[in-house]
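For reference, the structure is listed below as structure tokens.
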Amino acid sequence: MSRQILVTSALPYANGPIHIGHLVEYIQTDIWVRFQQLRGNQCIYICADDTHGTAIMIRARKEGRSEEELIEAMSHQHQRDFHRFGINFDHYGSTNSEANRKICGEFWDALRKADLITERSIEQLYDPDAETFLADRFVRGTCPKCGRTDQAGDNCTCGHTYNPTDLIDPTSTLSGATPVLREAAHLFVQLDKLHDWLVDWVNTSDALQSEVANYLKGHFLAERLRDWDISRPAPYFGFEIPDSPGNYWYVWFDAPIGYIASTQQWCDGHGERLDHWWKNEDCEVHHFIGKDITYFHTLFWPGMLKTAGYSLPTKVHIHGFLNVDGKKMSKRDGTLISADTYLKYANPSYLRYFYATKLTPRVEDLDLGVEEFAEKVNSDLVGKVVNLASRVGKFAHGTGLSENYPDDGGLFEAAADAGDEIAKAYEACDYSRAMRRIMELADAANPFVEHAKPWEMKKDPARQDELRDVCTVALNLFRQLAIYLAPVLPDLTTQCSELLGEEIVSWDQSRTPLLGTPVAKFKRMLDRLQTEELQKMIEESKELAAEDADANAGPTFNDSDQPLKDEPLADEITIDDFAKVDLRVARVIKAEHVPDANKLLKLTLGLGGDEQRQVFAGIKAAYEPEALVGRLVVMVANLKPRKMRFGLSEGMVTAAGPGNADVFILGVDDGALPGQRVH
RNA sequence: GGGGCUGUAGCUCAGUUGGUUAGAGCUGGGGACUCAUAAUCCCUAGGUCGCGGGUUCAAGUCCUGCCAGCCCUACCA
């Protein structure tokens with residue numbers, strides 16, 4: 001019984017190129033789709049570019065072209081990259097389509113009718129120069145809690161989160177202007193009205209991986225769901241809300257609806273009805289997404305679908321992120337490798353196979369170790385699989401395959417039997433397991449050839465039939481591997497087809513051996529992967545990142561390395577060591593010259609209240625006493641008092657610089673109070 | 001602070017509902033072969049299953065405490 005299946009991957013944002021991190025998802029999805037098709041199911045793969053939002057608007061402005069031009073160019077680039085990695089969409093659309101606008105309107109009406117929309121006014125930072133409201137990431141400023149400067153709009157490296165409106169000295173990254181608070185009406189979806197239904201859905205549907213269901217239950221569903229801010233005031237690149245002029249749907253509203261709109265476009269081109277795919281109990285809907293967008297796809301999206309009367313996802317397949325050599329991908333390390341760069345140095349099949357060996361049904365990050373990558377590709381694909389065809393191909397060319405399947409000690413049958421288990425693993429997205437099983441089969445196949453010694457038969461004219469039998473076995477075992485690997489390695493499957501003159505279209509071909517047909521001249525199928533190529537790939541990515549950084553050149557810093565050379569970094573200490581030093585903010589209450597002293601000033605520091613310390617500081621050459629009075633400084637407050645020629649010094653004022661006139665007292669940002677400890 | 005996940009040979013991982021001497025691939029060491037892309041084949045080495053308790057005739061497998069790592073945290077779960 002053939003299944004009807006609709007599959008989507010998350011829509012890539014039209015703001016940058018595809019990189020190997022994105023490809024985890026598209027490869028994962030593509031493998032699943034190809035598997036379903038090979039099994040004889042009707043399965044279509046739908047995707048689109050996600051094109052709306054402030055980021056696109058800003059980028060288009062910067063590049064001096066329209067948003068439409070930008071997203072058009074980006075879409076071409078994305079599709080080209082996907083195509084070159086063998087990712088085979090049935091339709092690749094755009095969220096900036098009339099189909100999407102129309103269906104967004106339909107969802108909107110349904111939400112209104114269900115009384116889920118509410119309106120209230122919120123204050124947001126507005127850039128008066130760029131004339132736009134500022135999303136969090138377009139604002140930088142000083143952290144209100146720790147005082148670090150140049151922090152992001154919603155959180156600081158110190159770990160605190162806050163509103164961009166809480167930032168001290170906020171700056172717009174678009175224009176450098178100081179944003180102002182401005183009020184605007186926003187529309188909200190009151191998701192909590194669907195709370196009970198969502199709890200029920202999470203508990204009873206099989207759509208979610210267990211850890212995801214746990215996460216949702218423990219995390220969001222345990223309390224009231226917050227309203228979701230779904231609109232943005234003009235200017236905004238997106239769809240204007242029909243019954244709320246001047247307001248636009250937030251990009252996250254129209255992006256998932258893009259799945260449906262893109263399906264609509266596919267239907268239009270194939271004489272199909274949308275309802276047959278999206279409002280049909282017999283049609284499965286599978287979403288593949290990354291863990292970062294879990295919330296949208298497992299709570300909001302089902303809520304919206306339910307409200308608008310569309311099918312709920314049969315399954316939301318959530319994967320983790322890609323690390324490279326155990327670390328997050330980073331431009332600086334050259335590990336954020338674009339699809340384009342990758343293709344200059346390596347075969348896409350390598351990556352497809354490697355990801356397959358790493359992917360499981362769990363929401364786990366996967367690691368691409370450069371060494372491991374090359375080892376797996378070389379020893380599994382080249383050494384085991386391709387080698388099987390390569391070592392007998394020459395013998396079989398000309399003689400073709402035997403008429404009857406020879407005795408192979410049960411190898412073919414065992415491999416045929418393994419098909420169900422491998423299929424089950426694919427179905428469950430447990431590609432890692434599938435690859436392991438397939439490689440076990442390859443491991444069993446090579447010794448067969450080894451023990452049969454076809455190269456000896458070749459030399460003996462009386463043993464030509466035997467030779468043909470050995471080749472028939474080896475090539476049929478290879479063919480089984482090619483079929484099982486077809487979802488992962490479509491190119492290899494094509495090569496197998498060409499070698500044996502038989503198109504591979506069905507999983508079940510693995511059950512019956514191919515017999516009595518000619519064998520084409522063997523052509524090399526896959527080269528070994530050299531780690532040097534991977535190193536070059538990383539080097540090039542580094543260079544590209546550097547160029548990119550230059551192009552975006554904000555302020556450039558060109559600090560000398562002399563200070564570090566003069567005074568190298570000290571030995572590492574623990575936090576406990578550091579905690580022994582009690583640094584305090586202090587106010588300079590009095591500052592006076594010391595008669596007879598060459599370098600010293602006598603300072604009276606206040607730690608708040610009546611608490612005062614007398615400190616002698618060697619800063620006479622650098623500071624006038626009058627200029628210091630009233631200032632806040634940082635002092636070492638628990639330093640053992642020391643008797644000096646001119647009196648007792650009860651602490652130390654912190655300062656940088658080599659000495660004499662080049663001394664710079666540490667200050668603190670506004671807001672600090674005398675007596676506060678420095679952590 | 002809270003939550004989710006993980007911790008098995010040098011590396012990447014399997015270990016089904018608890019049941020005989022804990023497995024595979026890669027790497028390492030030794031040997032063979034030459035058909036094959038310095039491929040392949042045979043043999044071999046190597047593990048206190050993170051740590052401590054507990055349940056059981058029996059625990060890598062269940063319970064509990066601790067430790068470590070990774071990830072998440074939509075205006076603080």
Side-chain angles (χ1 to χ4, degrees), chain A residues 122-124 136 145 153-155 159-166 189 191 209-229 250 252 290-296 298-300 318 320-321 323 325-328 354 357-358 360 362-369 371-396 421 425 430 432-433 435-440 442-459 467 470-471 474 478 522-530:
Chain A
I122 67 164
E123 282 193 325
Q124 205 184 353
D136 294 0
K145 292 194 179 157
D154 55 354
N155 71 87
H160 288 296
T161 55
Y162 41 75
N163 284 324
T165 48
D166 297 334
V189 175
L191 193 68
Q209 287 135 295
S210 60
E211 66 260 49
V212 175
N214 287 342
Y215 160 69
L216 295 176
K217 280 185 274 187
H219 208 152
F220 297 103
L221 295 172
E223 57 186 59
R224 192 182 168 279
L225 292 160
R226 287 173 209 140
D227 293 348
W228 189 32
D229 185 352
Y250 177 47
W252 260 111
K291 65 183 182 183
D292 51 330
I293 52 178
T294 297
Y295 175 68
F296 293 100
T298 56
L299 294 179
F300 271 115
I318 303 175
F321 291 153
N323 291 323
D325 275 333
K327 290 191 297 187
K328 269 187 190 164
F354 184 75
T357 67
K358 288 281 178 179
T360 71
R362 288 188 296 268
V363 189
E364 284 174 338
D365 289 352
L366 51 149
D367 187 50
L368 190 158
E371 293 292 331
E372 191 196 351
F373 181 33
E375 277 169 13
K376 263 207 165 113
V377 167
N378 290 339
S379 81
D380 290 357
L381 288 186
V382 181
K384 289 176 187 171
V385 177
V386 171
N387 183 241
L388 201 56
S390 173
R391 66 192 308 187
V392 299
K394 202 166 62 184
F395 299 144
E421 197 189 327
D430 200 347
S432 158
R433 179 184 294 272
M435 294 308 106
R436 228 171 23 244
R437 284 295 285 130
I438 294 170
M439 286 312 136
E440 281 172 24
D443 274 333
N446 271 302
F448 171 83
V449 180
E450 195 77 17
H451 297 315
K453 298 186 177 31
W455 54 94
E456 287 179 7
M457 297 172 181
K458 175 73 180 168
K459 294 171 191 157
L467 174 61
V470 171
C471 293
F478 170 71
F522 180 80
K523 281 190 275 192
R524 179 179 265 257
M525 291 175 170
L526 200 62
D527 289 312
R528 300 175 69 75
L529 168 57
Q530 308 297 334

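Every value quoted in this text rests on a predicted model; they were computed, and no experiment measured them. In the text below, chain A, chain B and the rest are named by the order of the sequence lines, each starting its count at 1.
- A:K458 comes within 4.0 angstrom of no nucleic acid atom, judged by non-hydrogen atoms across all strands.
- Scanning RNA chain B for stems, defined as runs of 3 or more consecutive Watson-Crick or G-U wobble pairs whose donor-acceptor distances all fall under 3.5 Å, gives the following ranges: B:1-7 with B:67-73, B:10-13 with B:23-26, B:28-32 with B:40-44, B:50-54 with B:62-66.
- Remark on RNA chain B: of its neighbouring residues A:Y215 and A:E375, the 5'-side contact belongs to A:E375, judged by nearest-heavy-atom nucleotide.
- Among the heavy atoms of the strands lying under 4.0 Å from A:F395 are primed sugar atoms or P, OP1, OP2 only; no base atom is included.
- Contact annotation: A:R528 side-chain N/O to B:rA39 OP1/OP2 distance is under 4.0 Å.
- Rounded to whole Å, atom P of B:rU27 lies 10 Å from atom CG of A:N378.
- Residue A:R226 places its side chain closer to B:rC76 than to any other of B:rC41, B:rC76, B:rA36.
- For A:K394 and B:rA36, the shortest distance from a side-chain N or O to OP1 or OP2 is below 4.0 Å.
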Under 3.5 Å, side-chain donor or acceptor atoms of residues 384-393 of chain A against the rest of the protein: list the pairs with distances, not counting sequence neighbours.
from: A:K384; atom 1: NZ; to: A:D443; atom 2: OD1; distance (Å): 3.3
from: A:R391; atom 1: NH1; to: A:N446; atom 2: OD1; distance (Å): 2.9
from: A:R391; atom 1: NH2; to: A:E450; atom 2: OE1; distance (Å): 2.9

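- Distance check: A:D229 CG to A:I122 CD1 gives 5.0 Å after rounding to the nearest 0.5 Å.
- Looking at heavy-atom distances under 4.0 Å, A:L388 makes no contact with the nucleic acid at all.
- Residue A:R433 places at least one side-chain N or O under 4.0 Å from the OP1 or OP2 atom of B:rG15.
- Within the 4.0 angstrom heavy-atom criterion, base atoms lie near A:V382.
- Base engagement by A:V386 is indicated by at least one non-hydrogen atom pair under 4.0 Å involving a base atom.
- Distance check, rounded to the nearest 0.5 Å: CG of A:D380 to CZ of A:F354 gives 10.5 Å.
- Side chain of A:D365 to main chain of A:G320: no donor-acceptor pair is present (N/O by atom type, distance under 3.5 Å, no hydrogens or angles).
- Heavy atoms of A:K328 sit under 4.0 angstrom from primed sugar atoms or phosphate atoms, though from no base atom.
- Looking at heavy atoms from C-beta onward, A:L191 lies out of side-chain contact with A:W228 at the 4.5 angstrom threshold.
- We find that CG of A:L381 is positioned 16 Å from C1' of B:rA36, with the value rounded to whole Å.
- The nearest whole Å value for the distance from the CZ atom in A:F478 to the C1' atom in B:rU37 is 14 Å.
- The CD atom of A:E123 sits 17 Å away from the P atom of B:rC75 (whole-angstrom rounding).
- Using a 4.0 Å cut-off between charged side-chain N and carboxylate O, A:E372 and A:K358 make a salt bridge.
- Separating the P atom of B:rA58 from that of B:rA68 is a span of 32 Å, rounded to the nearest Å.
- The gap from the C1' atom of B:rU64 to that of B:rA59 amounts to 15 Å, rounded to the nearest Å.
- For B:rC13, neither phosphate oxygen OP1 nor OP2 lies less than 4.0 angstrom from any side-chain nitrogen or oxygen of A:R362.
- Rounded to an integer number of Å, the gap from A:N387 CG to B:rC35 C1' is 9 Å.
- The distance from atom NZ of A:K291 to atom OH of A:Y215, rounded to the nearest 0.5 Å, is 10.5 Å.
- Distance CG (A:D365) to P (B:rG7): 15 Å, rounded to an integer number of Å.
- Look at CD on A:E372: it is 16 Å from P on B:rG25, rounded to the nearest Å.
- You'll find that the side chain of A:R436 is closest to B:rA14, out of B:rA14, B:rU40, B:rC76.
- Considering only the side chain of A:R524, B:rU37 comes nearest among B:rU37, B:rC26, B:rA74.
- Using a 4.5 Å heavy-atom threshold, the side chains of A:I318 and A:T298 count as touching.
- When heavy atoms are screened at a 4.0 angstrom cut-off, A:P447 is found touching the sugar-phosphate backbone but no base atom.
- In this structure, A:N378 contributes its side chain and A:R528 its backbone to no donor-acceptor pair below 3.5 Å.
- No contact: A:F296 has no heavy atom under 4.0 Å from any strand.
- The residue A:D443 sits close only to the backbone: its heavy atoms come under 4.0 Å of sugar-phosphate atoms, none of a base.
- Looking at heavy atoms from C-beta onward, A:F373 lies in side-chain contact with A:L529 at the 4.5 angstrom threshold.
- Residues A:K384 and A:L225 each lie close to RNA chain B; by heavy-atom proximity, the contact nearer the 5' end of the strand is made by A:K384.
- Looking at the side chain of A:S390, the nearest of the listed nucleotides B:rG25, B:rA32, B:rU37 is B:rU37.
- Put simply, NZ on A:K376 is 9 Å from C1' on B:rC11, counting in whole angstrom units.
- Separation of the P atoms belonging to B:rG29 and B:rA22 is 27 Å when rounded to the nearest angstrom.
- Of the candidates B:rG4, B:rA32, B:rU12, the closest approach to any side-chain atom of A:K358 belongs to B:rU12.
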